[in-house]
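Small disclaimer: the values here were computed from a predicted structure and weren't measured. Below, chain A is the first sequence line, B the second, and so on; all start at residue 1.
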Amino acid sequence: DGGITQSPKYLFRKEGQNVTLSCEQNLNHDAMYWYRQDPGQGLRLIYYSQIVNDFQKGDIAEGYSVSREKKESFPLTVTSAQKNPTAFYLCASSLRTANTGELFFGEGSRLTVL
Amino acid sequence: DQQVKQNSPSLSVQEGRISILNCDYTNSMFDYFLWYKKYPAEGPTFLISISSIKDKNEDGRFTVFLNKSAKHLSLHIVPSQPGDSAVYFCAARFSGAGSYQLTFGKGTKLSVIP
């Protein structure tokens with residue numbers, strides 16, 4: 001089945017540690033996105049990538065880094081510089097020229113900093 | 001500054017009645033508006049969208065209305081069913097420089113009471 005796979009679903013991290021969240025898609029989509037959801041905050045854009053080897057900062061990129069070495073993969077690293085990393089992270093993808101702007105989301109990864 | 005606002009954090013409706021979820025936006029450059037449905041600990045799923053050049057789009061029990069002069073859109077669910085209980089996010093698409101970004105509202109939690 002085509003879709004977006006995020007792993008791990010749950011992750012615990014000690015303060016000061018970097019952690020990488022995986023996102024893989026087999027939809028042949030050009031664009032990929034990372035969003036963060038906090039209670040009562042909706043979804044906020046962290047980073048996005050329209051093509052391989054290119055990505056742009058979203059609204060809340062500080063403390064995060066990404067790479068896009070392959071079309072299928074868009075991992076997100078939460079660094080120790082992120083002051084409040086505990087959140088639900090969502091990866092999404094879309095056709096670059098999607099007429100409707102529809103994003104397809106993964107199941108999410110919940111990160112908890114201990 | 002929030003560009004997409006969902007002013008009602010929650011809404012309760014009796015099964016079989018109409019659910020109306022509202023959304024306001026400030027950016028007149030948005031060209032597409034979308035509604036997503038989200039269950040706890042899952043990724044959002046696309047529900048329905050509308051182009052900024054239209055004022056209504058219907059898909060089964062779901063209808064989205066767009067009032068551009070008021071910068072307001074609404075999602076109508078008729079009849080409401082218990083399975084519709086979820087958080088609904090309004091999103092608006094901005095297209096620029098060959099990229100597409102979605103800006104999300106904070107969501108409205110709909111509870112359909114049997």
Side-chain angles (χ1 to χ4, degrees), chain A residues 3-11 21 23 25 27 29-51 54-61 87-112, chain B residues 1-10 21 23-25 27 29-54 57 59 64 66 73 86-109:
Chain A
I4 299 177
T5 302
Q6 289 187 239
S7 63
K9 193 169 179 67
Y10 299 96
L11 186 62
L21 307 179
C23 178
Q25 55 100 358
L27 299 167
H29 284 170
D30 300 297
M32 296 187 74
Y33 309 78
W34 274 105
Y35 286 88
R36 167 181 171 146
Q37 185 190 13
D38 296 282
Q41 287 292 327
L43 280 67
R44 292 182 291 170
L45 182 63
I46 304 172
Y47 267 98
Y48 65 101
S49 168
Q50 297 292 312
I51 56 173
D54 187 52
F55 47 83
Q56 285 79 40
K57 292 181 179 179
D59 300 320
I60 55 166
F88 189 56
Y89 291 88
L90 288 159
C91 179
S93 70
S94 72
L95 292 168
R96 189 178 176 194
T97 55
N99 289 331
T100 63
E102 179 183 351
L103 299 185
F104 293 81
F105 284 88
E107 292 290 296
S109 294
R110 180 165 297 281
L111 172 64
T112 302
Chain B
D1 186 29
Q2 262 194 294
Q3 297 189 67
V4 178
K5 298 180 183 179
Q6 294 177 259
N7 292 320
S8 298
S10 62
L21 295 93
C23 179
D24 297 294
Y25 62 95
N27 190 342
M29 299 299 292
F30 289 139
D31 65 348
Y32 252 96
F33 302 90
L34 303 89
W35 285 94
Y36 281 83
K37 177 180 179 179
K38 185 181 182 301
Y39 294 114
E42 293 185 9
T45 54
F46 171 75
L47 199 56
I48 192 169
S49 66
I50 187 168
S51 165
S52 61
I53 63 173
K54 295 188 175 180
N57 188 26
D59 184 2
V64 56
L66 176 62
L73 66 154
V87 176
Y88 289 79
F89 290 99
C90 171
R93 186 181 84 164
F94 174 77
S95 304
S99 69
Y100 302 90
Q101 295 182 46
L102 288 189
T103 300
F104 287 82
K106 292 187 176 183
T108 296
K109 183 176 181 180

**Message:** A side-chain contact here means heavy atoms from C-beta on lying under 4.5 Å apart; do A:L43 and B:Y36 qualify?
**Reply:** no

**Asked** Do A:F88 and B:E42 touch side chain to side chain, with heavy atoms closer than 4.5 Å?
**Response** no

**Prompt:** chain A heavy atoms under 4.5 Å from B:P9: which part of the residue, side chain, backbone, both or neither?
**Reply:**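 B:P9 has no heavy atom closer than 4.5 Å to chain A.
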
**Prompt:** With a 4.5 angstrom heavy-atom cut-off, which part of B:K38 approaches chain A: side chain, backbone, both or neither?
**Reply:** side chain

**Interface residue of largest heavy-atom contact number with chain B, from A:Q37, A:R44, A:R110, under 4.5 Å** =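 Top count of heavy-atom pairs under 4.5 Å with chain B: A:Q37.
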
**Asked** Using a cut-off of under 4.5 Å for heavy-atom pairs, which of A:L45, A:L90, A:D38 has the most such pairs with chain B?
**Response** A:L90

**Message:** Is A:L103 close to chain B through its backbone or its side chain, or both, or neither, when contacts mean heavy atoms under 4.5 Å?
**Reply:** both

**Item:** Contact class of A:Q6 relative to chain B, heavy atoms under 4.5 angstrom
**Value:** neither

**Asked** For B:K54, does the NZ atom have more than 12 heavy-atom neighbours from other residues, nucleotides or ligands under 6.0 Å away?
**Response**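 Not buried by this count: 12 neighbours or fewer within 6.0 Å.
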
**From OH (A:Y35) to CG (B:L102), nearest 0.5 Å** =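 Here the rounded value is 4.5 Å.
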
